[in-house]
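Each remark here refers to the structure printed beneath this line.
Side chains included, hydrogens not; waters and symmetry mates left out as well; all remaining heavy atoms used. In this text, all values refer to a predicted model and were calculated from it rather than measured experimentally.
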Amino acid sequence: MQMEVAKGPDETKSRRREAGAWLKALRQRAGLSQIQLAERLGYKYYTFIAQVENGHGRVPTDGMEAWSLALGEPPATFARRLLSFYDPELHRLLFEAKSCP
């Protein structure tokens with residue numbers, strides 16, 4: 001059994017920046033500004049959107065469905081993609097690992 005070594009904070013920051021860039025691209029494709037997305041999600045301030053897009057925050061799990069719908073993505077696809085950024089080891093176990101014998 002092979003165990004993967006825990007990743008450092010630099011890799012976590014890098015993955016969050018990648019997630020943010022992906023989210024920004026989805027937002028732009030949907031034709032929304034950060035302010036408009038924040039309004040659709042019920043946030044008082046758009047700065048949370050900016051923080052997530054810049055890799056300084058992450059989409060809360062309980063908000064993934066609302067984000068996905070606001071950005072025009074199927075919720076399961078959206079959540080799976082975010083999981084690949086935020087927790088790649090769990091993503092691997094759930095979606096990439098071969099079945100146990």
Side-chain angles (χ1 to χ4, degrees):
M1 176 190 231
Q2 180 182 5
M3 290 191 59
E4 190 170 311
V5 178
K7 304 298 181 199
D10 288 341
E11 186 169 333
T12 298
K13 287 179 187 178
S14 176
R15 287 193 314 262
R16 283 195 183 181
R17 282 192 298 271
E18 288 178 44
W22 177 69
L23 290 164
K24 181 178 181 178
L26 288 179
R27 177 181 57 76
Q28 290 173 332
R29 188 183 73 199
L32 298 172
S33 69
Q34 289 178 342
I35 293 170
Q36 291 168 322
L37 179 57
E39 288 172 352
R40 284 192 183 188
L41 296 172
Y43 294 136
K44 189 173 181 176
Y45 303 104
Y46 76 92
T47 53
F48 181 67
I49 306 298
Q51 289 173 341
V52 171
E53 288 184 359
N54 288 317
H56 299 296
R58 52 188 281 174
V59 175
T61 303
D62 63 355
M64 285 186 186
E65 184 172 19
W67 278 68
S68 71
L69 297 174
L71 295 171
E73 286 290 305
T77 303
F78 182 84
R80 182 180 295 183
R81 183 71 189 266
L82 278 182
L83 187 62
S84 75
F85 292 117
Y86 294 159
D87 195 340
E89 182 60 15
L90 180 58
H91 181 273
R92 184 190 67 78
L93 290 171
L94 290 172
F95 304 112
E96 298 172 18
K98 295 182 181 183
S99 325
C100 296

Heavy-atom nearest pair, Leu26 first then Glu73, reads CD2-OE2, 3.6 Å
Sorted by chain and residue number, the side-chain contact (heavy atoms from CB on, under 4.5 Å) partners of Glu39 (sequence neighbours excluded) come out as Ile35
Gln28 meets the side-chain contact (heavy atoms from CB on, under 4.5 Å) criterion, sequence neighbours left out, with Lys24
Hits for side-chain hydrogen bond (donor to acceptor under 3.5 Å, both in side chains) against Thr61, two or more places apart or cross-chain, chain-then-number order -> none
Quiz: residues 76-83 side-chain donor-acceptor pairs under 3.5 angstrom, not counting sequence neighbours:
none

Exercise for the section: Start with the C-alpha distance between Arg15 and Glu18, add both sets of side-chain angles, then the distance that settles salt bridge (Lys or Arg N to Asp or Glu O under 4.0 Å), and finish with yes or no. Expected result: CA-CA 5 Å; Arg15 287 193 314 262; Glu18 288 178 44; over 6 Å; no
Sequence neighbours excluded, the answer for side-chain contact (heavy atoms from CB on, under 4.5 Å) partners of Pro75 is Glu65, Ser68, Leu69
Sorted by chain and number, sequence neighbours left out, ring-ring contact (aromatic ring centres under 6.0 Å, His included) with Tyr86 holds for none
Review item, side-chain donor-acceptor pairs of residues 41-51, under 3.5 Å, at least two apart:
unit_1, atom_1, unit_2, atom_2, d
Tyr43, OH, Trp67, NE1, 3.2

Between Arg27 and Leu32, the two heavy atoms sitting closest are NH1-O, 2.8 Å
Residues passing the salt bridge (charged side-chain N to carboxylate O under 4.0 Å, His left out) test with Arg40, sequence neighbours excluded, are none
The side-chain contact (heavy atoms from CB on, under 4.5 Å) partners of Lys13 (sequence neighbours excluded) come to Arg17
### His56 vs Arg16 side-chain heavy atoms within contact, under 4.5 Å
no
Output for pair (Leu23 CG, Arg58 CZ), nearest 0.5 Å, gives 11.5 Å
Gln34 meets the side-chain hydrogen bond (donor to acceptor under 3.5 Å, both in side chains) criterion, sequence neighbours left out, with Glu53
